[in-house]
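Here's the structure we're looking at; comments come further down.
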Amino acid sequence: MEYLSHLNQNQRDAASYIDGPLMVIAGAGSGKTRVLTYRVAHLIKQGVDPFNILALTFTNKAAKEMKERITKIIGSNEGQNIWMGTFHSIFARILRTEHEKIGYPRNFTIYDTQDSRNLVKTIVKEMNLDDKIYKPAGVLSRISSAKSNLISAQAYLKNAEIASDDRMSNRPKIGEIYLTYQKRCFKAGAMDFDDLLFKTNVLLKDHPDVLLSYQHKFKHILVDEYQDTNFSQYLIVKKLAATHENLCVVGDDAQSIYAFRGANIQNILNFKRDYPDYKLFKLEQNYRSTKVIVNAANSIIAKNQDQIKKNVWTSNAEGNRIKVIKALTDNEEGNVIAQNIFSTIQNEQARNDEFAILYRTNAQSRSFEEALRKRNVPYKIYGGLSFYQRKEVKDLLAYFRLTANHNDEEALKRIINFPKRGIGKTSIDKAIVVANEAGVTLWDVITTPENYALALNTGTRNKLGEFTTMIKSFATKLTSAPAYELAHEIASSCGILKEFYADKTPEGISKYENLQELLNGIKEFSEPKNDDDQIIPLGDFLIDVALLTDADNENPEEKNKVTLMTIHASKGLEFPYVYIVGLEENLFPSQMSLNTRSELEEERRLFYVALTRAEKTAVLSYATSRYRWGNLITCEPSRFIEEIDPSFLDVETAGPSSKSTRKQEVFGFGKSSASANQSTKVAPAPKPSNLKKVTSSIGTTTISDVAVGNNVSHERFGKGKVINIEGDLPNQKATVFFPSVGQKQLLLKFAKLVVLD
DNA sequence: AACAACGGGCTTTTT
DNA sequence: GCCCGTTGTT
């Protein structure tokens, strides 16, 4: 029990409360992961078999690290046997074992977002719908949110409320698209991310024996980041835990930042209802950050209405105040921040990897990259195009996928003519039409074209024959050959390696190297880990690879570099020096989140997450203008800066270009008038300081022009009619009815309404 | 069928 | 400003 002395009283109580349901509400930096780690270690020390422990984490990386730490604590390799991973990877594994029960092939494909989008797009086209209205990404997000709430396509079509929503948004056919999409996925032996959870629910619901066996197996269940689980995940956990009720969920409502993709804070509140005799533990002591950072973060999150009250505190040092930097442009922002990092490294002998630049959107990284490169400060970027999303990598993976699952239509379409083998678009389109009409898969049609009325010349038929023969020959080795061997054979004989090897442009060389790296990755993966010398087949790799993210993909050369990432990606991490950049209205908070209070509160939680990543020093920055889609737009500082108690802030302006105006550039953080709008008194352009005008990227609207009864137009919602206006000037709020989406409350200063009459 | 040129839309966030 | 997909050209 010696190891438990590494915990404080609350942590220890939570870690050692073994029987029955418990919820741990853990403030930022309060040692949540520590509790989970020690709890699992404790269970094992108490004699629980690791095979009977299910621990669901938010990322694979978190799972991997936790396993390593547990292994250290318990001093044996037993920890590797815990069922620990993301919801998606754990249940993909289970579905693979139980595939017959739900009618899927063992080697089912996991469609990534791009595959799903392509399929939706194909269906929209086949239904002769306008893809400007039925945008694939939009349709897919609708389908995704239905699945996260366990609404099947059939249920979707029957649901009057949903139907009315879709009619209001002028997209009444989404239900039909959903139904076709599901049929096509099934026919292709493919599941998208949401299906992995949806089908798990189906499996557990329709097969009581299967449910029973997993209930029996998982005697102890732990769920990390519980605030970010959706309904589908909630129900899986509830079912699996029903027998033993040894369920431990850990989370922080203040750090819930995935509601936009269906996460439901309600799950935390439901816990009480589902397990009335549950035990609640609160971890409130922060070990990560200075007093200034903890209290500043508290002062921000206090503005949210929806939250579980807690009192996060720290006994750490006071620390420096949070610096606020104003820059004139996005490029200047990059330079000032890079310079600040550079000189901090010099002055405080800090290491590069102690710094992180956090932003709201990936698109913001550019100016920081350039500025850091100029100063020779090494950096690494997370997000953007991940390794597995690169074209060449996806191409080779498509060969693997098609080998493992011939019905994988998205993979087939991707590679049937790459490298070029003279099977053109027209031929493929014909084959797809035939396949749809006959109700068979594309693979069926191209392997036995003679069975279907497929009007192709013999040349094309021969080429199809060569292609399918090649894939079939790969498939014969699926189970007999280790992953690496087969992967290597496919890569060399399908022509893809040759294709890129021949390309001596820098891009071509890099693509060739990426393919080599993919093969190396497979080699590492297929090296037997235990002594039992079992062959690890390519199919196993494919399941794994579909669920990897770039966070899981860290390579050792990336050490000691400044980190650039989105705030979402930074969840769970910590850095001594944190820069939160681009703090501007419409960027952070995002323009898309200004319509409802709950969306705005999620943005605020996001800011809370960002700030609480910092251990020693936090710096905030914004630019007064930046390029967006090639246009220079004017920006206003984010309301979040104002919302921090000013006593924690150190406001200054920096950068060479503002020297002459430094004296006057004091930022007005007064509490009066929520004037996030105009602050500079020395604005270069003639701007009225009385807040009447609102400058924005798209034209200029004078607030006073909008009146009740006006017909107006909104960027997103289209035409509407103003029903009511209330509030005082800078914060006037209008109630507008849009035929497309219904009634909306809009803040005039942000809504960019255009008066039509 | 293969390639070059052009134009549109886009930026939230990710398993 | 950039990427993607569509169009036009050979």
Would A:Tyr104 and A:Phe186 count as a close aromatic pair, with their ring centres under 6.0 Å?
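They qualify: ring centres under 6.0 Å apart.
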Any chance the rings of A:Phe87 and A:Phe193 have centres within less than 6.0 Å?
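So the answer is no for these two rings.
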Within the pair [X] and [N], is there a side-chain N or O less than 4.0 Å away from OP1 or OP2?
{"X": "A:Ser427", "N": "B:dA1", "result": "yes"}
{"X": "A:Lys420", "N": "B:dC3", "result": "yes"}
{"X": "A:Asn362", "N": "B:dT13", "result": "yes"}
{"X": "A:Asn417", "N": "B:dA2", "result": "yes"}

Residue A:Thr566, side-chain heavy atoms: nucleotide from B:dT14, B:dT15, B:dA2 that is nearest:
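Closest nucleotide among those given: B:dT14.
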Minimum-distance nucleotide to A:Met592 side chain [options: B:dA1, B:dT11, C:dC4]
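Of B:dA1, B:dT11, C:dC4, B:dT11 is nearest to the side chain of A:Met592.
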What nucleic acid atoms does A:Thr113 come within less than 4.0 Å of, heavy atoms only: base, sugar-phosphate, or nothing?
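The residue A:Thr113 makes base contact.
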Collect all protein-nucleotide pairs involving nucleotides 5-9 of chain C in which both atoms are nitrogen or oxygen and the distance is under 3.5 Å.
residue : atom : partner  : partner atom : Å
C:dT6   : OP1  : A:Lys121 : NZ           : 3.4
C:dT6   : OP1  : A:Lys125 : NZ           : 3.1

Decide, yes or no, whether a salt bridge links A:Arg261 with A:Asp194 under the criterion of side-chain N to carboxylate O below 4.0 Å.
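No salt bridge links A:Arg261 with A:Asp194.
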Nearest-nucleotide comparison on DNA chain B, the residue closer to the 5′ end among A:Tyr258 and A:Ala363:
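The 5'-side residue here is A:Ala363.
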Return the 5'-most residue of the pair A:His568, A:Gly424 with respect to DNA chain B, ranking by each residue's nearest nucleotide.
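The residue mapped nearer the 5' terminus is A:Gly424.
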Give, for atom CG of A:Asp330 and atom OG of A:Ser367, the distance between the pair rounded to the nearest 0.5 Å.
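Those atoms lie 5.5 Å apart.
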Are any protein N/O atoms closer than 3.5 Å to N/O atoms in nucleotides 5-10 of chain B? If there are, list each pair with its distance.
residue : atom : partner  : partner atom : Å
B:dC10  : OP1  : A:Lys135 : NZ           : 3.2

